[in-house]
Amino acid sequence: MKKFEADVLIAGSGVAGLYCALHLRSDLKILVLSKSELTETDTYLAQGGISTALDEKDIPLFVEDTLKAGDYENKVDAVNILAKESIENIMELIRYGLQFDKHNSGLSYTREGAHSVNRIVHQKDETGKAVAETLIAEAKRRSNIELWEHTTMVDIIKEGNRCIGGVLMKEGEIIEVAAKDVVLATGGVGGLFKKSTNHRTLTGDGVAIAIKNGVELKDADYVQFHPTVLDRGLENERRFLISESLRGEGAILVNSKGERFVNELLPRDEVTAAIERELEKSGEKCVYIDISFMDSEFVKTRFPAIYQECLKSGIDMTKDRVPVSPAQHYYMGGIKVDLNGRTSMENLYALGETACTGVHGKNRLASNSLLEGLVFSKRAAKTINETADKIELVKEGKGYTLELDKKAVIKELKGSSGKYEDELFSY
Ligand SMILES: Cc1cc2nc3c(=O)[nH]c(=O)nc-3n(C[C@H](O)[C@H](O)[C@H](O)COP(=O)(O)OP(=O)(O)OC[C@H]3O[C@@H](n4cnc5c(N)ncnc54)[C@H](O)[C@@H]3O)c2cc1C
C-alpha cells in the first residue's frame with residue numbers, strides 16, 4: 001500500500017472538481033482524480049449551454065423560473081446565490097479563454113424549456129467540451145495541481161466526524177491519501193440506469209461513500225429524465241441527447257402521425273410525462289423531434305455535433321424527423337451541502353451533481369447544472385482557502401473499506417415507494 005499527502009483531495013475532474021481546484025490558493029497542494037480519462041465526464045458531454053442572468057434586472061425572473069421548474073421545492077437562498085453569482089462566473093470562463101458564440105458584439109443567448117427569456121450562453125452544441133477543455137488546460141498550467149487519471153476513490157478516511165483523507169485504487173494498488181480537506185465531485189448516477197445520457201462510469205460513487213460513512217443525503221430519490229434522447233432501439237449503451245436547445249430554437253415534437261401533442265418549452269418533467277402518455281396511447285416506442293422545416297444551413301451550423309451524430313444513424317435532421325424517447329439524465333438529489341459545499345462531516349465537501357445544494361428542487365431548470373458547478377465550487381474553494389491553515393494533516397488512516405456499494409445507492413434512489421424499479425440495473 002502506498003501513501004500520499006495533499007492539502008486538498010478532489011475526486012472528480014468535471015466542472016465542479018476542476019473549477020474548485022482552480023480557485024484554491026496556489027500554496028495549497030491539490031490532487032484531482034478522474035476515474036477514467038480526464039475528459040470522460042458529463043461536463044464534456046453538455047450540449048445546450050450555461051444559464052446566466054442577463055443583467056441585474058433579470059435576476060428575479062431567473063430565480064422565479066428556477067423555482068417554478070423545481071416546483072417551489074428549491075432552497076431559495078441557494079437559488080438567489082445561483083442567479084446573483086452567475087454573471088461573474090461566466091465572465092471568468094471567458095477570461096480563461098472560453099469563446100462562447102457571439103451575436104453582434106455581445107454574447108448569443110439561446111432558450112430552453114421553462115426559461116422565460118433567452119439566457120443561455122453556448123458554444124454551438126458542444127458547450128461542455130469547451131468548458132472541459134478550458135478548465136483542463138488551465139489546471140495543467142498550475143504547478144500546485146496534480147491530475148491523476150484512472151484512479152478511483154473508494155472511501156474516505158475519518159476520525160470521528162472529521163474527514164482526514166481518502167483511499168484510492170489505481171491500477172490495482174491501494175493508495176492512502178492524507179488530506180486536510182476532501183471534495184467529492186464524482187458526478188451523477190446515470191451509470192446505474194439502463195437508459196441514460198450519462199457516462200456509464202458515473203455510478204454515484206460519492207453518494208456510496210457518503211452512505212457508508214453516515215454523511216447526510218437530501219432528496220435522494222429526485223432523478224430527472226430528459227424527454228428527448230435519440231432512440232436507436234439499442235440497449236445498455238449511453239444514450240445520445242437531442243438537446244433542449246433544438247426546441248428552444250423552434251423544433252417541434254410530434255407523434256408518428258405528425259401531430260403535435262405538447263408545448264415543447266414546458267419544464268422537462270412535464271414534457272417527459274406528456275411523451276410517456278403519448279407512447280402509452282399509441283403503443284409506439286418513440287415520438288419525433290422535427291426541425292426539418294427550418295433553414296438547413298442554420299441547423300447544420302447551430303447544431304453540428306447533433307447533426308453529425310444523427311447522420312451516423314442514417315437520419316438527416318435537415319430533412320428527417322428524429323426519433324426520441326425519455327431517458328435518465330440528471331440527479332437533483334445527493335449529498336446534502338450548505339451554501340459553501342460543506343457536508344454534514346467536517347472537512348468533507350461535495351460539489352456538482354453529486355451534491356444537493358437544493359438549487360433544483362424537484363426538477364432542474366435546463367442549463368442550470370454547469371452554472372451550479374461553477375458557483376458553488378468557487379464558494380467551497382473560498383471556504384477551504386480561509387480554513388486550511390487551521391487544519392492539521394493527520395497521517396494515520398484506518399477503518400475504511402474498499403467496496404463501493406452500488407446497491408446502497410440504488411436503494412436510496414428508489415426511496416420508500418420503490419421508484420424507477422424497471423429503469424435501474426439490479427446488480
Ligand atoms: C448529454 C448531457 C448533456 C448535458 N447538457 C447540459 C447543458 O447543456 N447544460 C447544463 O448545465 N448541464 C448539462 N448537463 C448536465 C451537466 O453536464 C452535469 O450535471 C455536470 O457537468 C456535472 O458536473 P460534475 O463536475 O458534477 O460531474 P462530471 O462532469 O460528470 O464529472 C464527474 C467526475 O467524477 C469522476 N469520478 C466519478 N467517480 C469517481 C471516483 N469514485 N473516484 C474518482 N473520481 C470519480 C469522474 O471520473 C469524472 O471525472 C448535461 C449532461 C449530459 C449527460
Side-chain angles (χ1 to χ4, degrees), residues 5-25 28-35 41 43 75 77-78 81-82 85 89 135 139 144-145 153-168 177-188 204-218 220 331 333-359 369 371-394 400:
E5 287 173 22
D7 290 305
V8 187
L9 171 62
I10 302 177
S13 65
V15 61
L18 288 177
Y19 204 63
C20 176
L22 292 173
H23 286 86
L24 290 168
R25 283 165 22 196
L28 296 176
K29 183 175 168 187
I30 301 153
L31 175 56
V32 178
L33 313 175
S34 168
K35 201 175 176 183
T41 62
T43 297
K75 187 166 158 187
D77 287 356
I81 285 173
L82 184 85
E85 297 179 13
N89 284 291
L135 298 182
N144 65 323
I145 301 179
M153 185 188 282
V154 290
D155 207 347
I156 49 169
I157 309 171
K158 63 182 181 199
E159 206 180 47
N161 192 42
R162 176 185 163 203
C163 181
I164 57 169
V167 185
L168 321 182
V177 181
K180 291 179 175 178
D181 289 294
V182 173
V183 177
L184 299 173
T186 55
D205 294 1
V207 177
I209 290 172
I211 295 168
K212 72 173 158 179
N213 289 285
V215 177
E216 238 181 291
L217 305 182
K218 183 171 160 35
Y331 187 38
I335 304 172
K336 184 178 177 185
V337 291
D338 69 8
L339 299 173
N340 296 309
R342 283 183 293 221
T343 69
S344 64
M345 180 176 281
E346 238 178 284
N347 304 338
L348 179 69
Y349 293 75
L351 299 173
E353 199 168 329
T354 306
C356 181
T357 59
V359 147
S369 170
L371 181 62
E372 180 192 33
L374 297 170
V375 167
F376 291 94
S377 302
K378 187 169 165 183
R379 293 175 69 88
K382 186 167 177 279
T383 307
I384 294 172
N385 288 340
E386 286 164 2
T387 52
D389 293 341
K390 297 177 207 133
I391 304 168
E392 239 176 79
L393 205 62
V394 182
Y400 54 80

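The structure displayed is predicted, hence computed values, not measured ones.
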Would you say T186 and V207 make side-chain contact, with heavy atoms under 4.5 Å?
no

Do the side chains of D155 and K212 get nearer than 4.5 Å, heavy atoms only?
yes

Between Y349 and I384, is there a side-chain heavy-atom distance shorter than 4.5 Å?
yes

Which value, rounded to the nearest 0.5 Å, describes the distance between N144 atom CG and L28 atom CG?
7.5 Å

Note, K75 side chain near L339 side chain (heavy atom, < 4.5 Å):
yes

Scan for salt bridge (Lys or Arg N to Asp or Glu O under 4.0 Å) pairs involving residues 337-353, sequence neighbours excluded, and state none if there are none.
D338-R342

N/O donor-acceptor pair under 3.5 Å between T43 side chain and V15 backbone:
yes

Any heavy-atom pair between the side chains of V359 and I81 that's under 4.5 Å?
no

Residues G166 and V182: closest non-hydrogen pair is N-CG2, 4.5 Å

Within the structure provided, determine whether V375 and R379 are in side-chain contact (heavy-atom separation under 4.5 Å).
yes

Test log, rule salt bridge (Lys or Arg N to Asp or Glu O under 4.0 Å), inputs E85 and K378
CA-CA 10 Å; E85 297 179 13; K378 187 169 165 183; over 6 Å; no

I164 vs N347 side-chain heavy atoms within contact, under 4.5 Å:
no

Applying the salt bridge (charged side-chain N to carboxylate O under 4.0 Å, His left out) criterion to R25, which one of D7, D389, D181 satisfies it?
D389

